[in-house]
Q: 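Can you keep this structure in mind? I'll have questions shortly.
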Amino acid sequence: MWKNLGDLIDHSKAGEAIALVDCGRGDVPMHYSYAQLDARIRACARGLLRSGLKAGDAVAILSMNRLEFIVAYLATLQAGLVTVPVNHKLARESVEFILRDCNASMAFVDAARKPLVPPGMRTVCFDDESWVDFQDAGRFEPAAVDPSDCAMILYTSGSTGRPKGVKLSHGGQLWSVKSRFRTRASYETECFLVAAPLFHMNALTNCKFALAGHARIVLMPQFEVLKFIDAIERHGVTWVTSVPTMMAMVVREQAALSKIDTTRVRFIRLGSAPATGQLYEALSSAFPAATIAGGYGTTEAGPIVFGPTEGRALPPNGGLGWPLPDVEVRLVDRAGREADEGELWMRTPANLLGYLNLPEQTAKVLTPDGWYISGDIFRRDATGCYHFVGRADDMFNCGGENIYPGEVEQVIEKMPEILQACVVPVADEIKGQKPVAFVVVRSGMRTDENAVKQFVLANAPAYQHPRRVVFVDALPLAATNKVDRRQLMQRAAALAA
């Protein structure tokens, strides 16, 4: 069906239908047809090979979301090279480390990110003549690749320790695209809104899925809540892709939502982090015609692992569903035994090839027989549905008791007044560490610190109750639009001091 991961556009349909609307070009969005996008990808792929690059060479991309990012990404793959989208929000030292670690032969950049590239490395800037001169228009036959060949390297955020490069194969990533077409052959009538950064698996996967389904993509340079809401109306968006924190900010903008026709939105997909029952309820109220579903996936094992398989609907209590076809999962407790609650192990066609230049780290998470050890704690209910509990490495100890922040967050988020919660540890001379909760109250509702504490005490073990509750308008976003726990931990430490 597809020769490699970069060859997703159906040539028989690559006509005047709009493929992408680039919202990063000032006040006037730029529209590009499938034919125009296809021609640009092939011209860039020809330019890559004309420049002397060989199969397996790494090509970095440092840029805000824009048409040229998509072109450079898919062209690199079509040419049989390895694409490395880089989190440009990292510190300069981390960016330079990534470029050295992957041995990037060149980097595509936008003007604002060009200074992040070390002196001496070849760059092609989207905003000057080097990009125009790089193109070599003409026919191009995508490179033949083995399914096990490395297609791209996505780096971990690097917020703690050195960033790790996750090597992902053509075959595995194509499987993740194909899996979206098991129940639906085409998405031509859909308009996707993508505002998460393209250096992250969430946005990249949704763009590839949309292009393969011949849908229309509205691409925002970054997430800004009022512009996001405006784009839904302006472009007739039917399919919203996001992370829960983004949508929690959206539903609080009642005035802006009241000015648009939200009934056009038919699908809202939440990924990269767990979503609360209250958020589902608020989204259902704001977008009454939409089906809303959360998803779980990792860079290392595929962007989606669970779903409403075999015609079963997702439960209303935040359950993520059942393993998808071709996906094997197991839960392993601390004693190494299979259990109904424990660390999630996964074996999928999209499992990582390994961490670049880190064989010891690879051996810690990838077993010889192909299981990826996620570091996420899950539980399985009586129906076999899987529920996220928390990150194993987020766990902290309070007076001898282990606390998973995700468990406490789920309790707090059962309060009708609470939209979102994030629990972090703060140092304590007696207990070692104790929980502090940052919470977002639902629009039009009120509660107070004591009510939150008493609710947790009534619904969870006493040691889990937050010793401080801080009310915020929104939880802070990290570069990937997930909740920035590190920032909240710093804030909690400052409050304690």
Side-chain angles (χ1 to χ4, degrees), residues 17-33 37 63-70 89 110 112 187 189-200 202-204 206-207 209-211 215-272 275 279-292 419-420 440 442-444 472-482:
I18 297 300
L20 189 140
V21 181
D22 189 340
C23 297
R25 304 302 174 89
D27 295 332
V28 181
M30 298 294 291
H31 293 67
Y32 300 91
S33 70
L37 178 60
S63 171
M64 297 280 277
N65 293 356
R66 57 191 291 171
L67 165 79
E68 291 84 0
F69 192 121
I70 297 287
K89 298 183 181 181
D110 60 16
Y187 292 81
T189 60
E190 306 297 349
C191 177
F192 285 63
L193 179 57
V194 176
L198 287 171
F199 58 70
H200 188 248
N202 183 307
L204 268 180
N206 279 299
C207 283
F209 159 42
L211 290 174
R216 177 163 50 103
I217 299 170
V218 176
L219 184 65
M220 299 185 66
Q222 60 184 349
F223 176 71
E224 297 177 70
V225 62
L226 294 180
K227 290 183 179 180
F228 188 87
I229 293 171
D230 177 69
I232 292 173
E233 173 73 9
R234 180 182 298 196
H235 301 288
V237 169
T238 64
W239 194 300
V240 174
T241 71
S242 63
V243 300
T245 311
M246 293 164 58
M247 297 310 294
M249 295 171 69
V250 168
V251 296
R252 288 180 62 85
E253 297 292 341
Q254 294 293 312
L257 287 171
S258 68
K259 297 175 182 177
I260 72 170
D261 180 6
T262 60
T263 62
R264 295 194 210 175
V265 178
R266 298 194 294 266
F267 304 93
I268 297 175
R269 295 295 179 261
L270 306 168
S272 302
L279 179 56
Y280 276 88
E281 182 181 330
L283 285 170
S284 294
S285 176
F287 298 92
T291 61
I292 304 161
L419 182 66
Q420 266 189 310
V440 179
R442 293 184 66 174
S443 181
V472 294
D473 290 334
L475 298 175
L477 300 181
T480 55
N481 288 349
K482 297 180 184 180

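Basis for what follows: all heavy atoms, side chains included, without hydrogens, waters or symmetry-related copies.
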Q: Just by modelled atom types, is the Phe69 backbone N or O under 3.5 Å from a matching donor or acceptor in the Ser63 side chain?
A: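 Not at all, since once roles are kept as given, no pair shorter than 3.5 Å links the two residues.
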Q: Measuring from atom CG of Asn206 to atom CZ of Phe192, what distance do you get when rounded to the nearest 0.5 angstrom?
A: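 Reported value, rounded in 0.5 Å steps: 6.5 Å.
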Q: Could you go through the side chain to side chain contact (heavy atoms under 4.5 Å, CB included) check for Val440 and Leu475 one step at a time?
A: CA-CA 7 Å; Val440 179; Leu475 298 175; 3.9 Å; yes
Q: If you round to the nearest 0.5 Å, how far is CH2 of Trp239 from CD1 of Ile232?
A: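 Reported value, rounded in 0.5 Å steps: 15.0 Å.
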Q: Report, one line per pair, each donor and acceptor closer than 3.5 Å where one atom sits in a side chain of residues 246-260; sequence neighbours left out.
A:
from	atom 1	to	atom 2	distance (Å)
Arg252	NE	Asp473	O	3.0
Arg252	NH1	Val441	O	2.4
Gln254	NE2	Val251	O	2.5
Ser258	OG	Ala255	O	2.6

Q: Please name the pair of heavy atoms, one in Ser242 and one in Leu270, separated by the smallest distance, quoted to 0.1 Å.
A: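 Of all heavy-atom pairs spanning Ser242 and Leu270, the closest is OG-CD2, 3.4 Å.
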Q: Is Leu211 close to Leu20 at the side-chain level, that is, under 4.5 Å between some pair of heavy atoms?
A: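 No, every pair of side-chain atoms sits at 4.5 Å or beyond.
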Q: Do Tyr187 and Phe267 touch side chain to side chain, with heavy atoms closer than 4.5 Å?
A: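 A side-chain contact under 4.5 Å is absent here.
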Q: Do Thr241 and Phe209 make a side-chain contact, defined as non-hydrogen atoms from C-beta onward lying under 4.5 Å apart?
A: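 In short, these two side chains do not touch, never coming nearer than 4.5 Å.
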Q: Taking all atoms of both residues into account, what is the closest heavy-atom pair of Glu233 and Arg264, and its distance?
A: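 Minimum heavy-atom separation between Glu233 and Arg264: O-NH1, 3.7 Å.
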Q: Can you confirm whether Pro29 sits close enough to Asp22 that some side-chain heavy atom of one is under 4.5 Å from a side-chain heavy atom of the other?
A: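 No, every pair of side-chain atoms sits at 4.5 Å or beyond.
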Q: Ile70 versus Leu198: any side-chain heavy-atom pair under 4.5 Å?
A: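 Side-chain contact under 4.5 Å: yes.
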Q: Hey, what do you get for OG1 (Thr291) to CG (Leu283), rounding to the nearest 0.5 Å?
A: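 That separation rounds to 11.5 Å.
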Q: Which atom pairs, donor and acceptor, lie under 3.5 Å between side-chain atoms of residues 215-230 and protein residues at least two apart or in another chain?
A:
from	atom 1	to	atom 2	distance (Å)
Arg216	NH1	His235	O	3.1
Arg216	NH2	His235	O	3.4
Asp230	OD2	Arg234	NE	3.4
Asp230	OD2	Arg234	NH2	3.3

